[in-house]
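First up is the structure itself, then whatever we jot down about it.
Heavy-atom basis, side chains included; hydrogens, waters and symmetry copies ignored. In this chain, numbering begins with 1 at the start of the sequence shown.
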Amino acid sequence: NLGKILATPEVARVYIGSFWDHQLHFDTNRRLFELEQSDLFSDLQTLPAYSTVRKLNDLIRRARLAKVHAYIISELRRQMPTLIGKETKKKELIANLPAIYESIARTQRISIGDFPPVEKMREMLANHDFKSFNNLQ
């Protein structure tokens, strides 16, 4: 399964061909291989044109992720107490991270798919003091 090897949401295109040096015996295979070779060469020629689009899409994805991170950090800081019970509240917030994600998604109209994985975020947040985070202006 190529989906486990290639970490992209797009379906991978597999080209069919033959590495045999001799003449092919069946015309149906020859025609198929010629069409596949033609498709491969045309796809290779369009790669430079799509690189700009790929770079732009990657920039947009990273900007969305940065925006979501800013909202998450700001919300966590906002909910932290000022004097006592910081560690208890921190553990509670980390445990309720999915609910915080849903709240931010609803109030900011952000797709839940733009949020980082909950478990990875929990691991990262466990090592930080939420009061040291900056407020979102």
Can you confirm whether Phe115 sits close enough to Ile104 that some side-chain heavy atom of one is under 4.5 Å from a side-chain heavy atom of the other? yes

Check the hydrophobic clustering (I, L, V, M, F, W, Y; side-chain heavy atoms under 4.5 Å; chains of links allowed) and say if Ile110 and Ile60 are grouped together. no

Rounded to the nearest 0.5 Å, the CG atom of Leu56 sits from the CZ atom of Arg61 at a distance of 12.5 Å

Nearest-0.5 Å distance that lies between atom CD in Glu75 and atom CD1 in Ile72: 10.0 Å

Looking at CE of Met124 and NE2 of His69, how far apart are the two atoms once the value is rounded to the nearest 0.5 Å? 8.0 Å

Going from CZ on Arg77 to CZ on Phe130, what distance comes out if it is rounded to the nearest 0.5 angstrom? 12.5 Å

Test side chain to side chain donor-acceptor pair (under 3.5 Å) on Glu36 and Tyr15 and set out the steps. CA-CA 6 Å; Glu36 287 289 303; Tyr15 298 94; over 6 Å; no

Locate the shortest heavy-atom distance separating Pro98 from Arg122; write the atom from each residue and the value. CD-NH2, 3.3 Å

Quick check: closest heavy atoms across Leu97 and Val118, and the distance to 0.1 Å? CD2-O, 3.9 Å

Apply the side-chain contact (heavy atoms from CB on, under 4.5 Å) test between Lys89 and each candidate in Glu92, Glu87, Lys91; give the one that qualifies. Glu92

Does any part of the side chain of Gln23, heavy atoms only, come nearer than 4.5 Å to the side chain of Arg30, both counted from C-beta? yes

Closest non-hydrogen atoms of Leu76 and Leu125, given as atom of the first, atom of the second and distance, are CD1-CD1, 3.5 Å

Side chains of Gln79 and Ser74 in contact at under 4.5 Å (non-hydrogen atoms): no

Nearest-0.5 Å distance that lies between atom CG in Leu40 and atom CG in Leu35: 12.5 Å

Would you say Val68 and Pro116 make side-chain contact, with heavy atoms under 4.5 Å? yes

Interatomic distance, Asp39 atom CG to Gln37 atom CD [nearest 0.5 angstrom]: 10.5 Å

Nearest non-hydrogen partners of Tyr101 and Pro117, listed with the distance: OH-O, 4.0 Å

